[in-house]
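The structure under discussion appears below in the form of structure tokens.
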Amino acid sequence: MSSSPSIAPVESVGVTPSAVRRIAEILSQEPPESLLRVSVEGGGCSGFQYRFDITRQREADDTIIAEGGATVAIDPVSLEYMSGSYIDFVDDLIGASFKITNPHATASCGCGTSFAL
């Protein structure tokens, strides 16, 4: 028996307006019901790394953040590592990318996709 996904409380993980715009742009070119899955995996140069995937797969225990045409899913284990974080989209001289500001990270690498706790 599957239950509906929970909706993330505002204090769990935030998504900046620039990230909402970029996610909505990306998802507008994908099949209906697509979402951005953000997860934390072991690896990377600092111990953990963020992974970003476009998928249509929603799990019953996912936390869903939906705003302005952007839908983000985070699994429960990743949410533990990411609580209090903000997902941002940065477009600067060295390139455009998603960046996660994580208050639990004690170190991160120059690429911005891996971190240590």
4.5 Å side-chain heavy-atom contact, I64 and T71: yes
Beyond-backbone contact of I100 with F52, side-chain heavy atoms, under 4.5 angstrom: yes
Which heavy atom of [X] sits nearest a heavy atom of [Y], and at what distance?
X   : Y   : value
M82 : V40 : CG-CG2, 3.7 Å
S78 : S39 : OG-CA, 3.3 Å
P32 : R56 : O-NE, 3.1 Å
A73 : L35 : CB-CD1, 3.5 Å
L79 : I74 : N-CG2, 3.6 Å
A19 : I87 : CB-O, 3.5 Å

Separation between OG of S34 and CZ of R58, rounded to the nearest 0.5 Å: 9.5 Å
With R37, the side chain to side chain donor-acceptor pair (under 3.5 Å) member among D75, D62, T55: D62
Within 6.0 angstrom of E33 CD, more than 12 heavy atoms from elsewhere: no
side-chain hydrogen bond (donor to acceptor under 3.5 Å, both in side chains) against S18, all qualifying residues, sequence neighbours excluded: T16, D88
Test log, rule side chain to side chain donor-acceptor pair (under 3.5 Å), inputs S85 and H104: CA-CA 8 Å; S85 297; H104 304 293; 5.9 Å; no
Partners meeting salt bridge (charged side-chain N to carboxylate O under 4.0 Å, His left out) with D53 (sequence neighbours left out): R51
Any residue meeting side chain to side chain contact (heavy atoms under 4.5 Å, CB included) with I26, in chain and number order, not counting sequence neighbours: R22, I54, F98
